[in-house]
Amino acid sequence: MSRKVVRTSKFRHVFGQPVKADQCYDDIRISQMTWDSNFCSVNPKFVAMIVDASGGGAFIVLPLSKTGRIDMSLPTVCGHTGPVLDIEFCPHNDNIIASGSEDCSVMIWEIPDGGLTSPLSDPVVKLDGHSKRVGILSWHPTAHNVLMSAGCDNVIILWNVARGEAVVRIDSVHTDMIYSACWNRNGSQILTSCKDKKLRVLDPRKGSVICEKDKPHEGSRPVRAVFVSDGKILTTGFSRMSERQVALWDPKNFGEPLTLQELDTSSGVLLPFFDPDTGIVYLCGKGDSSIRYFEVTDEAPYVHYLSMYSSKESQKGMGYMPKRGLEVNKCEIARFYKLHERKCEPVVMTVPRKSDLFQEDLYPDTIGPEPSVEADDWFSGKNGEPILISLKDGFVATTKNKEFKVIKSLMATTSSSSSNRQCDSAEVQALQNELRELREMIEQLTQRVSELESK
């Protein structure tokens, strides 16, 4: 009689736990929109949530420490004329957040340290280029000031945010509504899922299709897709009988999935969150009251079920904290910000360990906040690998946030086409003035350093 051998994994006993009631964010009117986005974005400084607003769209941004009951009169970010559908913090500057709305625009906002003291209605940059509502936003993981937006006009636009310019416009690939769009680890490819039942891997600069898969899931409900380790692709979707499924694909051989597992018969779209450091993917269903998590490995069946965090209340959205915002001394490997109807509840995922020492096997070097390539260089064809940081002493910002500077002299009125613009003499003059100012600043800093050294 053969005994079943249990697969060994250090993440087998990961468990989820909600924080105490006084550490939640209460009395927040979360948006009632039926859009399938996260509705929440979070970083080590702030948590942002899309809220109900009369006469337009709004979201609130709170410092992480501002827990408890949130005053109804708290100032919001309220520059959109239609409901906000998606928000995302910039990975290279914790004070910058992008928002996409039903009013067809994308706006970039700068949040002051400590949070808002008055309503914010003027964005740093407004990006116009979509003809229908904008429901998907994603910052480039390694290039500074590069943002991807996808709208219900079936168009993907890549923006150089500092110039306020639509540099690449992918408008002839998708024949129907785009369900999801995301970057790979170094931002050299884009993965999209679409209502036309196709999964596509795109070259972002050329706007061409590298490979595509027809009908990754047989059902007609929305499919979500993310890149996981080694360039593989994980998708969530529905079978013909409306059962929820999770599948893993190898783009080099798109014929058959590496694995396809059926989960349950709920109707909510599963939002996947992948952690490249641990190889764990978390599946959060909209309208569910649970978070399932799986480990993605190189051995069959490739996607291994670990466990499930369950609670009583269903989730309307979910924010996912970057690795550098976690408490490493508590063996915390993920933190979610679960949106209820009237509150936001952090849920902590922990690996049980007896030792209080730093667990190197749980925290390999992870992606830090420094970009590895500038926007212009990236659009010219240069790729940049992520710059990794160690979490051994907890994340401490050793460098100031990458300054977000809009080049006013180069701010072109954003049009749908991105034709090459000729610099006229006024622009050249403005650039020379900026260069002169920068040189003066460098001289002053050098002088200051030599004064300090002489002391």
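Index from 1, following the sequence.
Counting only heavy atoms from C-beta outward, the side chains of I28 and M49 approach each other to under 4.5 Å. Side-chain contact between K198 and K215: absent, with no pair of heavy atoms (C-beta onward) separated by less than 4.5 Å. In this structure, the side chains of V84 and V77 stay at 4.5 Å or more apart for every pair of heavy atoms. Proximity of M318 to C40: side-chain heavy atoms (C-beta onward) are nowhere separated by under 4.5 Å. A heavy-atom distance below 4.5 Å is found between the side chains of I178 and I136. Taking the side chain as every heavy atom from C-beta outward, W159 and L127 approach each other to under 4.5 Å. Using a 4.5 Å cut-off on side-chain heavy atoms (C-beta onward), Y337 and E345 make no contact. Looking only at side-chain heavy atoms (C-beta outward), Y25 and L62 come within less than 4.5 Å of each other.
Take Y293 and apply the ring pair (Phe, Tyr, Trp, His ring centres under 6.0 Å) test, not counting sequence neighbours, and it matches Y282. Considering only residues two or more places apart in sequence or on other chains, W249 meets the ring pair (Phe, Tyr, Trp, His ring centres under 6.0 Å) condition with none of them. The side chain to side chain contact (heavy atoms under 4.5 Å, CB included) test applied to S220 returns K197, not counting sequence neighbours. Every residue two or more places apart in sequence or in another chain that forms a side chain to side chain contact (heavy atoms under 4.5 Å, CB included) with N160 is listed here: A162, R163, V167, A375, D376, F379. Under the rule for a ring pair (Phe, Tyr, Trp, His ring centres under 6.0 Å), the partners of Y320 that lie at least two apart in sequence or sit in another chain are F273, F336. Listed by chain and number, the residues in a side-chain hydrogen bond (donor to acceptor under 3.5 Å, both in side chains) with N383 are R205 (sequence neighbours excluded). By the salt bridge (charged side-chain N to carboxylate O under 4.0 Å, His left out) test, K286 pairs with no residue at all, sequence neighbours left out. Under the side chain to side chain contact (heavy atoms under 4.5 Å, CB included) criterion, L202 pairs with I156, I170, V173, H174, I190, T192, R200, V209, not counting sequence neighbours. Contacts of W183 classified as ring pair (Phe, Tyr, Trp, His ring centres under 6.0 Å), with partners at least two apart in sequence or in another chain: H140, W378.
For residues 78-88, the set of pairs meeting the salt bridge (charged side-chain N to carboxylate O under 4.0 Å, His left out) definition, not counting sequence neighbours, is empty. Sequence neighbours left out, not one pair with a member in residues 187-245 passes ring-ring contact (aromatic ring centres under 6.0 Å, His included). Among residue pairs with one or both ends in residues 252-268, those qualifying as salt bridge (charged side-chain N to carboxylate O under 4.0 Å, His left out) are R244-D264, D264-R292; sequence neighbours excluded.
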Quick one: do T278 and D275 satisfy side chain to side chain donor-acceptor pair (under 3.5 Å)? Show the steps, please. CA-CA 6 Å; T278 58; D275 177 5; 2.9 Å; yes
Using the side-chain contact (heavy atoms from CB on, under 4.5 Å) rule, take Q245 and L260 through it: C-alpha gap first, then chi angles, then the decisive distance, then the call. CA-CA 7 Å; Q245 298 175 322; L260 192 146; 3.4 Å; yes
Evaluate the criterion side-chain contact (heavy atoms from CB on, under 4.5 Å) for residue pair W139 and V146; output intermediate values, then yes/no. CA-CA 6 Å; W139 290 94; V146 175; over 6 Å; no
So S9 and H304, side chain to side chain donor-acceptor pair (under 3.5 Å) or not? Walk me through it. CA-CA 10 Å; S9 167; H304 309 272; over 6 Å; no
Chi angles and distances behind the side chain to side chain donor-acceptor pair (under 3.5 Å) call for N95, E110: CA-CA 6 Å; N95 296 65; E110 186 160 16; over 6 Å; no
Side chain to side chain donor-acceptor pair (under 3.5 Å) between S290 and S310, worked out: CA-CA 4 Å; S290 61; S310 296; 5.1 Å; no
Might you work through the salt bridge (charged side-chain N to carboxylate O under 4.0 Å, His left out) test for R7 and E295, ending with a clear yes or no? CA-CA 11 Å; R7 192 181 70 89; E295 189 174 358; 3.0 Å; yes
Start with the C-alpha distance between L283 and L263, add both sets of side-chain angles, then the distance that settles side-chain contact (heavy atoms from CB on, under 4.5 Å), and finish with yes or no. CA-CA 11 Å; L283 302 183; L263 302 175; 4.0 Å; yes
Derivation of the side-chain contact (heavy atoms from CB on, under 4.5 Å) call for M321 and L64: CA-CA 11 Å; M321 174 67 83; L64 285 189; 3.6 Å; yes
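The number of heavy atoms from other shown groups lying within 6.0 Å of NZ (K232) is above 12. In this structure, D298 places its CG atom where only 12 or fewer heavy-atom neighbours from other residues, nucleotides or ligands lie under 6.0 Å away.
Closest heavy-atom contact between P44 and P322: CD-CG, 4.4 Å. Taking all atoms of both residues into account, the shortest heavy-atom contact from V223 to G237 is CG2-CA, 4.3 Å. L271 and D36 make their closest contact through CD2-O, 4.1 Å (heavy atoms, listed as atom of the first residue, atom of the second, distance). In plain terms, the two heavy atoms of I97 and A48 that are nearest each other are CD1-CB, 3.6 Å. Across V303 and T259, no two heavy atoms sit closer than the pair CG2-CG2, 3.7 Å. Closest heavy-atom contact between P63 and G114: CG-O, 3.3 Å.
Contact check on R324 versus D94 returns a salt bridge, with a Lys/Arg side-chain nitrogen under 4.0 Å from an Asp/Glu carboxylate oxygen. K343 has no carboxylate O lying under 4.0 Å from a charged side-chain N of D27, or vice versa, which leaves the two without a salt bridge. Salt bridge annotation for K132-E102: absent, with no cationic side-chain nitrogen under 4.0 angstrom from a carboxylate oxygen. Using a cutoff of 4.0 Å between basic side-chain nitrogens and carboxylate oxygens, D171 and R169 are scored as salt-bridged. Ionic pairing of D153 and R133 is not present here: no N-O contact between side-chain nitrogen and carboxylate oxygen is shorter than 4.0 angstrom.
To the nearest 0.5 angstrom, N154 atom CG is 6.5 Å from C194 atom SG. Here CD1 of I157 is found 5.0 Å from OG of S149. Values are rounded to the nearest 0.5 Å. Atom-to-atom distance recorded for L234:CG and L191:CG is 10.0 Å, nearest 0.5 angstrom. Taking OG from S99 and CD1 from I108, the interatomic distance works out to 7.0 Å, rounded to the nearest 0.5 Å.
The side-chain hydrogen bond (donor to acceptor under 3.5 Å, both in side chains) test with K338 is passed by exactly one of S289, S314, S311: S311.
With hydrogens and angles left out, the side-chain atoms of T366 and D277 include a donor and acceptor closer than 3.5 Å. Q315 and H340 share no side-chain donor-acceptor pair at under 3.5 Å.
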